[in-house]
Amino acid sequence: DVKVTQSSRYLVKRTGEKVFLECVQDMDHENMFWYRQDPGLGLRLIYFSYDVKMKEKGDIPEGYSVSREKKERFSLILESASTNQTSMYLCASSGYYEQYFGPGTRLTVT
Amino acid sequence: QKEVEQDPGPLSVPEGAIVSLNCTYSNSAFQYFMWYRQYSRKGPELLMYTYSSGNKEDGRFTAQVDKSSKYISLFIRDSQPSDSATYLCAIITQGGSEKLVFGKGTKLTVNP
């Protein structure tokens, strides 16, 4: 079974803090993705990566950056957290078309 | 027009009912179709995927694709309270970007 793990299930941070969300997959997948999910807005793609050190902007990249130094690990960075970044963050990986998701990190910025 | 439209519900049915969940899409280049199930406060879980028109069955679940109408459906037979979740359709073009286009999800409650 594909396993995608995320570093935290729940996280509370203060406005202005730098926040790191980590994602690890164990299936040697080329592609990894970061989404945020908000009520009424659905899943929105923040960034994705086709390969190590490769990254592409998704639909809402502003205020975020990513890092992929190893194939199995994809990190999402909030450079200076703001309250409008309070959300559920979901990481996914895929080998072909089907994406497999992690359990999510519920981030609250106060 | 949005690329993928999905009725958000909520949908409430009695246990044992047949459930029909639907999505429409606008881009005829879409070729791979997926359904995800998401329990409250959890990540989406891949339920079924198909790349052709017609039906694909897996236990109590049937995925149906009608490319001519740009319409996809998920049927759940003999629905159970454990099926209560949000169901998301997801679609992708073949040979293009690996970005999935998601519907916003339909919240289903199956009442015992």
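Chain letters run A, B, ... following the sequence lines, proteins first, then strands; residues in each count from 1. Owing to the predicted nature of the structure, the values given are computational and were not obtained by experimental measurement.
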hydrophobic_cluster_shared for Ile91(B) and Met48(B), side chain cutoff 4.5 Å = yes

task = Taking atom NZ of Lys67(B) as the centre, report whether more than 12 heavy atoms of other residues, nucleotides or ligands fall under 6.0 Å from it.
result = yes

Under 4.5 Å from a heavy atom of chain B, the part of Arg9(A) involved = side chain

request  = With rounding to the nearest 0.5 Å, note down the distance linking CG in Leu88(B) to CZ in Phe101(A).
outcome  = 8.0 Å

inquiry  = Students often mix this up, so state it plainly: with edges at 30° and 60°, are the rings of Tyr97(A) and Tyr32(B) parallel, tilted or perpendicular?
reply    = tilted

inquiry  = Quick check on the hydrophobic clustering: are Ile60(A) and Val109(A) connected, directly or via other members, by side-chain heavy-atom contacts under 4.5 Å?
reply    = yes

key: Side chain / backbone / both / neither for Tyr10(A) at chain B, heavy atoms under 4.5 Å   = side chain

inquiry  = What part of Pro44(B) gets within 4.5 angstrom of chain A, counting heavy atoms only: side chain, backbone, both, or neither?
reply    = both

ask   = Above 12 or not: heavy atoms from other molecules or residues under 6.0 Å from CZ of Arg77(B)?
value = yes

key: Close side-chain approach of Lys104(B) to Gln37(A), heavy-atom, < 4.5 Å   = no

ask   = For the candidates Gly43(B), Ala90(B), Gly103(B), which exhibits the highest count of non-hydrogen atom pairs separated by less than 4.5 Å from chain A?
value = Gly43(B)

task = Assess whether atom NZ of Lys42(B) is packed by more than 12 heavy atoms of other residues, nucleotides or ligands within 6.0 Å.
result = no

query = When you look at OH of Tyr51(B), are more than 12 heavy atoms from neighbouring residues, nucleotides or ligands closer to it than 6.0 Å?
reply = no

inquiry  = Measuring from atom CG of Leu46(B) to atom CD of Glu98(A), what distance do you get when rounded to the nearest 0.5 angstrom?
reply    = 6.5 Å

query = Side chains of Gln38(B) and Leu90(A): closer than 4.5 Å at any heavy-atom pair?
reply = yes

ask   = Is it true that atom CZ of Phe75(B) has more than 12 heavy atoms of other residues, nucleotides or ligands lying nearer than 6.0 Å?
value = yes

